[in-house]
Amino acid sequence: MFDLRHTTFKVIVTLILSFIKNTLFAQIHVSLEDAINKYVFNSNKVKIEKLKYNNIELEYSNFRKSYLPALGISLTPISFNRNMTLLQNYMTGEYSNIVEYANTTQGSIYITQKIMPTGGTFSISSSLSYLRQFSSNINSFSSAPLYMAYSQSLFGGSKTNKYLKSINNLRNQVAYKNYCTTVSIEQQTILNLYIASYSSMLDVSFYTQKVRIDRKLVDVATKKKEMGRITEFDLNHIKLQMLEDEMKLQKSQHLYSTSLRNLAIELNLENIQIDSLKIGYLPKSIDEKTVYEYIKKNNPELQNLELRRINADYGRYTATLKTRFNADVSVSFGLNQYANKLVDAYRNPDKQQSVGITLSIPVYQWGINKNKRKIAENEHEETIIDIEDAKKRFQSQIMEYIFEYNNCVYLLDIARQKYDLALQQYEFASVKYETGKISSIDLTTANKDCLSAKQEYINTITSLYVNYYHIRHVSLHDYVKDMDLMDLYDDKK
């Protein structure tokens, strides 16, 4: 009975430990699609860019709200003063210094409004001030029931507002596309790490098989050497090939572990395992005209270039505005009254009006302002030339991506067949070498052909994926799901 209970207890403990081990050390199988579209949002780079995008949205919201009426209240409840006041006695005519204690309480409410068409600012306010002189036991009230003011620059205010509106609108429009572009860049980084891991995994599989064949060939060559059918040179040749393949197997295993670890770090995951790449789901070809349509619709690079152009125009305009004749104009109208009682402070208020003009007239500054305008013109022209050059480079790069992708789609099947055939030929050559039908030199040639075909296959599949995701990146469109990335990641905002 005791043995049965003891055995049952051991089984339960073993099961629990096994469950804990499997839970803690279970590998996460990550497909390329999951890494690209799901786990990419674990990346710190994407999280940082999302915060930047959120800030741009908030800044744009603030810009729009800045043209709405703003209500504010200003309050100074305590402003206590102690000073010496020289007073004359009206009976004796003598002067004496009296210590005066006083407190001033002030409050105002105001509304301000920016005027878009003129670039000016209009404000309306109402204020009240109360002065309490304790030594003299005097109360004083000062009120401004209504005060209105308007100010603006004589020239340039309206156009400046139009520039700022254009810049902020375009910046907001391109913000989400820039965020999707950053996600796409991170996806390309993940793709490169995934392909590096996959390539290393293929190498591990390939060299494991090669080492197995090599060891068998070394055994056969050793027997042939003992029988005097081959020389020591031929035996050493086979052994060197085996040692070379064993070294490459060790290196590929190390590289696979390193690549896998780097991929896991980028995805913020632990203990991952990659799957084989699925080739068939990629488009059979991508039309250049279709790509350009999506680029025109989605790509933020063109809008960023337009934003640079508008900023350059705005910089040139402000430089010109600052170095030419201008004036600040202000107009105000208000009502005010003073009294010893609060009620009286609002009776029969006096009117006050003011008009002010401040002129800014550059007379002679030894050509400094002229040089500033010329510098602004040169910087503007430099920006325009750079923008046109960037557009040409951009179009040339896109054409190269499309050509390389379509070419790799055609070459991939050939490269795969060539790799399979070369591996089969090497196995045939191994069998023929065992039976003495070919020499070690022929076997080495078959080995080189096999290695070359393997590398060509890996290069082709790498180029296929890299160019597809480059095209996907520049057009912000997923050609497998036929969706724009902005729609695909809309729930990730």
Side-chain angles (χ1 to χ4, degrees), residues 32 194-257 259 274-282 284 404-467:
L32 177 60
Y194 199 100
I195 288 181
S197 300
Y198 179 71
S199 175
S200 301
M201 186 173 71
L202 286 181
D203 283 341
V204 170
S205 175
F206 175 78
Y207 285 112
T208 299
Q209 186 176 355
K210 285 279 274 87
V211 168
R212 178 181 56 79
I213 295 173
D214 289 343
R215 287 172 179 170
K216 187 176 180 182
L217 291 176
V218 168
D219 292 339
V220 172
T222 301
K223 291 178 181 179
K224 286 184 177 182
K225 169 65 174 57
E226 292 173 353
M227 295 168 58
R229 295 170 59 183
I230 62 173
T231 64
E232 184 76 22
F233 176 82
D234 294 326
L235 175 61
N236 290 340
H237 190 78
I238 300 298
K239 285 182 178 180
L240 283 172
Q241 181 177 302
M242 181 189 71
L243 294 173
E244 179 69 19
D245 289 339
E246 285 180 345
M247 184 177 289
K248 288 182 178 179
L249 174 61
Q250 185 65 31
K251 288 181 178 179
S252 61
Q253 287 173 339
H254 174 72
L255 186 59
Y256 175 63
S257 299
S259 302
I274 64 170
D275 295 337
S276 296
L277 290 178
K278 298 176 182 178
I279 309 299
Y281 77 94
L282 291 178
K284 298 298 181 184
E404 287 296 327
Y405 174 80
N406 291 331
N407 189 47
C408 286
V409 171
Y410 172 75
L411 292 177
L412 183 63
D413 189 52
I414 297 174
R416 180 68 199 185
Q417 291 182 40
K418 183 179 178 182
Y419 174 48
D420 291 340
L421 189 60
L423 190 59
Q424 188 179 27
Q425 284 295 97
Y426 179 72
E427 291 175 351
F428 287 160
S430 301
V431 173
K432 285 185 177 182
Y433 180 79
E434 291 178 20
T435 57
K437 293 182 179 180
I438 62 172
S439 66
S440 60
I441 296 176
D442 296 325
L443 182 63
T444 301
T445 302
N447 178 57
K448 289 180 179 179
D449 291 342
C450 187
L451 291 174
S452 175
K454 174 188 73 73
Q455 195 58 47
E456 283 183 7
Y457 172 67
I458 291 175
N459 291 343
T460 304
I461 196 172
T462 299
S463 182
L464 177 75
Y465 271 96
V466 167
N467 283 287

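In what follows, residues are counted from 1 in the order of the sequence shown.
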**Request:** Start with the C-alpha distance between L443 and I238, add both sets of side-chain angles, then the distance that settles side-chain contact (heavy atoms from CB on, under 4.5 Å), and finish with yes or no.
**Result:** CA-CA 9 Å; L443 182 63; I238 300 298; 3.7 Å; yes
**Message:** On the six-membered ring of F206, is K248 placed so that its NZ or CZ lies under 6.0 angstrom from the centre and within 45° of the ring axis?
**Reply:** no
Contact summary for [X] and [Y], nearest pair of heavy atoms:
X    : Y    : answer
D203 : S252 : CB-CB, 3.6 Å
L217 : S430 : CD2-O, 3.6 Å
I230 : A221 : CD1-O, 3.3 Å
A415 : T460 : CB-OG1, 3.9 Å
Y194 : L32  : OH-N, 3.3 Å
T208 : V204 : OG1-O, 2.5 Å

About how many Å separate [atom2] of [Y] and [atom1] of [X], when rounded to the nearest 0.5 Å?
X    : Y    : atom1 : atom2 : result
K437 : D442 : NZ    : CG    : 13.5 Å
I461 : S199 : CD1   : OG    : 9.5 Å
S200 : K251 : OG    : NZ    : 13.0 Å
T462 : I195 : OG1   : CD1   : 5.0 Å
I274 : Y256 : CD1   : OH    : 5.0 Å
D245 : R212 : CG    : CZ    : 12.5 Å

Heavy-atom distance under 4.5 Å between the side chains of [X] and [Y], does that happen here?
X    : Y    : result
R416 : L412 : no
K210 : Q241 : yes
I458 : Y419 : no

Return yes if some donor-acceptor pair links the side-chain N/O of [X] with the main-chain N/O of [Y] below 3.5 Å, else return no.
X    : Y    : value
S463 : N459 : no
S205 : M201 : no
Y405 : N467 : no

**Request:** Please report the C-alpha distance between F428 and Q425 in whole Å, then the side-chain angles of each, then the deciding distance to 0.1 Å, and finally whether the side-chain contact (heavy atoms from CB on, under 4.5 Å) criterion is met.
**Result:** CA-CA 5 Å; F428 287 160; Q425 284 295 97; 3.4 Å; yes
**Prompt:** So Y433 and I213, side-chain contact (heavy atoms from CB on, under 4.5 Å) or not? Walk me through it.
**Reply:** CA-CA 11 Å; Y433 180 79; I213 295 173; over 6 Å; no
**Prompt:** Is it the case that Q424 and D420 place a side-chain donor and acceptor less than 3.5 Å from each other?
**Reply:** no
**Message:** If we count only N and O atoms by modelled type, under 3.5 Å, do the side chains of D219 and T222 hold a donor and an acceptor together?
**Reply:** no
**Asked** Does the side-chain contact (heavy atoms from CB on, under 4.5 Å) test come out yes or no for E244 and D214, once each step is laid out?
**Response** CA-CA 10 Å; E244 179 69 19; D214 289 343; over 6 Å; no
**Prompt:** Counting only heavy atoms not in Q250, do more than 12 fall under 6.0 Å of its CD?
**Reply:** no
